[in-house]
Amino acid sequence: MTVAFIGHGYVGLVTAAVFADLGNTVWVVGRTKEKIEKLQKGITLFFEPGLAELVKRNVEAKRLLFTLDYRLAILPSEIIFICVGTPSKANGEADLSNVFTAAEKIGKNLIGYKVVVTKSTVPPGTNRKISEILNRVKPEGASFAIASVPEFLREGTAIEDTLHPDRVVIGTTSDRARASLLELHKSIDGKTVLCNVETAELIKYASNALLSTKISFANAIAFLSEKAEADVEKVLEGVGLDRRIGRAFLYPGVGYGGSCFPKDVKALIAFAAVHGYDFKLLRAVDAINQEAGKYFVEKIARHFDHKLKGKTIAILGLAFKPNTDDMREAPSINIVSELIKQGAHIRVYDPVAMENAKLLLPAGVVYAKDAYSATTGSDAVAFVTEWNEFRQLDLVRLAKGMKKLVLFDGRNIYEPTRVKQLGFIYYGIGRM
Ligand code: NAD
């Protein structure tokens, strides 16, 4: 099958490369000449495990093609996927301008019959608006069906998630579009949920909202664990062993970040408000999440009696989660900014997100080449992202370089007893 993707971000490029690898001819449309020229040479623009090889292999096999020209991509394609970004507006609503621009360009270049699918996360009702745009701008004789196939991949395991998702949601009322989409997804694992467009749109928001709720719930229980002198890890282990609940996403930390959870929670609150429903639960989820980062900074400040001026804090991990260089809405941004505001010197290290971090962190931050050099001469070390390479750091070597042995474990990756035995003062999340 020949298909087209509009947008070559985390969703567009990964999905396009996976479908190309399965033998399809895949066109990817971008809007920046330099980026498209790099991609045409098989050069990937962001870090995702396994993606560079996958892109290179399929570019060389001429199954993965990049262009700025919508018409070139749309002409041979049976299905066109919209995979553009849908960031938050200031009021929390999803900013759909990229989606509508893409729809307009698709519409003007429609020829014959095409299935136009939205993969971007969009509020219910958006695909109906896309349909109106297509009808308004399409050339005479061109026809289309719309569908919503929301994406559930996670950055860091995006290729695996695309090949083996828990479910493939296909929202459309067109039999012909459904048949094409089922044919394209036949080599993809996972249960298929067939539904109408609006249901598919809402499944995506409901999923992200519930996952965010679990994280904020874990953070609230962590807060109470500290008050109760309980160990939140054991509390949540005990809770999660209940098969009705499960342990997934019941992990406390410095708050969720990334390009999806914060914006999707806010967008669902805004969507609810438009429809006269005050989504109090999600407002609390969002508030607890913002508190989680502040509470971590407060813990650091409290250790130093709120006198951070002149203290050097090493921050290990900057990306919003491990195995990605994505810094969008990463909790590290507010944590670093607040510590600097309070007068601390900050030295940072992240295995892959340093270049992106430089664009977002305040001036004055020192970027170190590894964890050991970041912590050299520091008064404390704070772990913000749970990269695997931090789990088994040589803490004895780390301690030798540090001025003071204080460890703030923002992701509970260390066993407190062991760390304390090495002479560190240990602060975890929800445990002593
Ligand atoms: P991204 O910012 O990484 O990529 C968006 C891409 O769209 C960019 O390449 C941008 O240049 C391109 N674009 C924007 N307007 C365009 C236009 N008119 N023509 C051509 N290209 C255009 O975003 P992403 O992380 O891939 O997310 C895309 C959508 O998928 C969002 O709605 C997001 O919520 C959703 N989503 C993301 C993830 C994730 O883990 N990143 C997972 C599931 C769903």
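Just the heavy atoms: all of them, side chains too, but no hydrogens, waters or symmetry mates, feed the values below. Counting convention: from 1, in listed order, for ligands and their atoms alike. These numbers were taken from a predicted model, which means no experiment stands behind them.
- Comparing D326, T86, V84, N98 against atom 28 (C) of ligand 1, the shortest heavy-atom distance belongs to V84.
- Y70 OH, 3.5 Å is the protein heavy atom nearest to atom 17 (C) of ligand 1.
- The aromatic ring centroids of F19 and H185 lie less than 6.0 Å from each other.
- Taking only nitrogen or oxygen atoms, main chain and side chain alike, K119 does not reach within less than 3.5 Å of ligand 1.
- Tested against W387, the residues L318, V352, L316 include a single side chain to side chain contact (heavy atoms under 4.5 Å, CB included) partner, V352.
- The shortest N/O to N/O separation between K105 and ligand 1 does not fall below 3.5 Å.
- In this structure, the protein non-hydrogen atom closest to atom 42 (C) of ligand 1 is L153 O, 3.4 Å.
- Within the structure, the closest approach of R154 to ligand 1 does not fall below 4.0 Å when heavy atoms are considered.
- The protein heavy-atom contact nearest to atom 34 (O) of ligand 1 is K263 NZ, 2.6 Å.
- Remark: R247 qualifies as a cation-pi partner of Y251 under the 6.0 Å distance and 45° angle criteria applied to the six-membered ring.
- Considering backbone and side-chain N/O of D264, none are found under 3.5 Å from N/O of ligand 1.
- Contacts between E48 and ligand 1 below 4.0 angstrom, taking non-hydrogen atoms only, are absent altogether.
- Nearest non-hydrogen protein atom to atom 41 (N) of ligand 1 is E155 OE2, 2.7 Å.
- For the pair K358 and Y367, the cation sits on the ring face: its NZ or CZ lies under 6.0 Å from the ring centre, inside 45° of the axis.
- Under a cutoff of 6.0 Å and an axis angle of 45°, R328 and F320 do not form a cation-pi pair.
- For the ligand labelled ligand 1, residue K35 lies outside the 4.0 Å heavy-atom shell.
- Between V11 and ligand 1, at least one pair of N/O atoms sits closer than 3.5 Å.
- For atom 10 (C) of ligand 1, the closest non-hydrogen atom of the protein is R31 NH2, 3.8 Å.
- For C83, every heavy-atom contact with ligand 1 shorter than 4.0 Å involves the backbone, none the side chain.
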